[in-house]
Peer 1: 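I am attaching a structure below and will ask some questions about it afterwards.
As a basis for the values below, the full set of heavy atoms in this structure was taken, side chains included, without hydrogen atoms, waters or symmetry mates. Chain letters run A, B, ... following the sequence lines, proteins first and then strands; every chain starts at 1.
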There are 2 protein chains.
Amino acid sequence: MSQHFSIAEENYIKIIYHLQQTDDNVNTNEVAAALNTKAASVTDMLKKLKQKKILNYEKYQGFRLSEAGEKIALAIIRKHRLWEFFLVEKLQFGWDEVHEVAEELEHITSKKLIDRLDVFLGNPKFDPHGDPIPDSNGKLPHQPQINLIDLALNKLAEVSAVGSQSKELLDLLKHKKIRIGTQLEVNKKFAFDHSIEIKIVGQTSFNISQQLAQTLFVKPLNK
Amino acid sequence: MSQHFSIAEENYIKIIYHLQQTDDNVNTNEVAAALNTKAASVTDMLKKLKQKKILNYEKYQGFRLSEAGEKIALAIIRKHRLWEFFLVEKLQFGWDEVHEVAEELEHITSKKLIDRLDVFLGNPKFDPHGDPIPDSNGKLPHQPQINLIDLALNKLAEVSAVGSQSKELLDLLKHKKIRIGTQLEVNKKFAFDHSIEIKIVGQTSFNISQQLAQTLFVKPLNK
DNA sequence: TAAATATTTTAGATTTGTCTAAAATTATTT
DNA sequence: AAATAATTTTAGACAAATCTAAAATATTTA
Ligand SMILES: [Mn+2]
Ligand SMILES: [Mn+2]
Ligand SMILES: [Mn+2]
Ligand SMILES: [Mn+2]
């Protein structure tokens with residue numbers, strides 16, 4: 001019934017999905033950069049995906065996934081994020097170590113495996129980076145979150161996601177005792193360097209840089 | 001440092017390893033049959049593996065893995081069997097369902113992943129089919145086992161492995177309440193059809209066919 | 001031991017995914 | 001609106017893994 005896709009095709013489908021979330025129309029060079037390949041190779045693949053009805057594409061006009069393409073992308077992302085959750089929760093991997101491995105695991109084809117894994121993990125809704133995990137029908141849980149830099153003063157909020165998965169960020173957050181789920185509020189914003197003073201519930205306040213604040217996402221808590 | 005092998009190469013290395021356990025020298029057609037491919041394709045791959053010093057091979061003379069080749073094979077088999085154990089113990093897969101999935105999972109490259117998985121699973125020594133799991137240095141646990149058909153009369157023994165992974169065998173064993181670890185002895189052997197009468201500890205005796213007896217392996221228990 | 005048969009290897013294609021270099025198209029400047 | 005620059009596509013090549021058909025070698029049988 002449903003077509004089979006190679007690992008190469010799946011990697012293209014996934015990256016196009018991610019790019020079209022922010023971009024209206026995805027373009028060749030973006031994909032080439034993201035996949036560490038050349039524009040000519042991308043064009044080759046675009047033709048193939050178009051022919052497989054996975055992609056809406058007219059040459060020189062940019063492109064987006066078709067509905068069918070989005071479904072495939074979401075299935076791959078589901079696998080990626082569930083495996084990341086598994087690695088962190090069950091195998092004690094750090095945040096910054098899981099992405100590469102999940103990049104391979106996401107291509108394992110068994111649907112039964114991934115649905116059983118989901119149950120085994122307790123149907124998690126968010127991966128270790130706070131990114132939403134699509135359910136087995138491809139539906140994404142909605143998380144109303146904003147950038148920490150945009151959080152109103154003295155409003156309690158909970159850290160819900162991070163915008164980077166680097167070891168460096170993880171180091172810093174560990175040291176500051178900030179993790180996903182941490183409750184905090186912003187006491188003051190400084191115009192000089194755009195740093196902000198935050199207070200974690202039950203701790204004394206401290207300053208964080210603009211750069212860090214921009215990398216953190218929070219879910220405002222109602223009172 | 002250590003070379004990288006493609007999935008195709010790994011599948012050849014693994015099958016050659018298995019074949020050379022029973023065969024003195026492995027030959028082209030055997031490999032072709034086992035991998036569902038053609039003899040010509042096998043020859044192509046043999047040249048490549050020889051050149052990579054993984055295989056001792058002279059044309060028309062048969063072949064065996066080199067020491068380096070065996071190490072690689074054992075690493076793949078370790079992954080395959082640990083994943084099978086995971087699927088059965090943690091995700092409630094049946095015996096007969098795990099092989100295909102493990103065939104894919106065995107090619108995931110992260111050494112850290114597999115060593116952590118090993119710990120997570122409690123360092124199992126045998127997979128769900130009773131096959132030994134190599135440790136992280138490639139050493140195989142030794143299991144002194146014999147075919148049930150060769151077990152002496154009235155000697156207590158424990159089922160340790162099965163020689164097939166089919167749904168059909170699993171069905172039969174479930175019905176007879178035989179699983180790995182089951183303790184039994186042979187009461188009588190019948191010359192007419194080579195069937196044998198066995199008695200599971202705490203149950204009444206019954207007959208099993210020669211074919212089934214030949215598919216079961218047991219570890220004789222001292223006294 | 002010579003003929004017949006089976007096995008293995010080579011020769012030449014094919015598919016997939018990639019690349020470089022050049023051509024075509026689109027976008028941006030003057 | 002040209003000219004210039006950037007992007008995208010095409011043309012042609014290559015490596016990996018596979019295949020079929022034919023040739024080479026080894027094994028078995030008579
Ligand atoms: Mn990937
Ligand atoms: Mn993630
Ligand atoms: Mn495999
Ligand atoms: Mn097994």
Peer 1: Is there a side-chain contact between A:Tyr17 and A:Ile76, using heavy atoms and a 4.5 Å cut-off?
Peer 2: no
Peer 1: Please name all residues satisfying salt bridge (Lys or Arg N to Asp or Glu O under 4.0 Å) with B:Asp131, sequence neighbours left out, ordered by chain then number.
Peer 2: none
Peer 1: Do the side-chain N or O atoms of B:Thr37 get closer than 4.0 angstrom to the phosphate oxygens (OP1, OP2) of D:dT18?
Peer 2: no
Peer 1: Taking protein heavy atoms under 4.0 Å as touching, what does nucleotides 6-16 of chain D look like 5' to 3' if B marks base contact, S marks sugar-phosphate-only contact and - marks none?
Peer 2: -SBBB-----S
Peer 1: Tell me whether A:Lys38 is salt-bridged to A:Asp44, with the criterion being a basic N under 4.0 Å from an acidic carboxylate O.
Peer 2: no
Peer 1: Between B:Arg81 and B:Asp118, does at least one N-O distance fall below 4.0 Å, as a salt bridge requires?
Peer 2: no
Peer 1: Return the value, rounded to whole Å, for the distance between atom CE of A:Met45 and atom C1' of C:dT18.
Peer 2: 10 Å
Peer 1: What orientation do B:His129 and B:Trp95 show, parallel under 30°, tilted 30 to 60°, or perpendicular over 60°?
Peer 2: tilted
Peer 1: So, is B:Lys38 close to the D:dT20 phosphate, meaning a side-chain N or O under 4.0 Å from OP1 or OP2?
Peer 2: yes
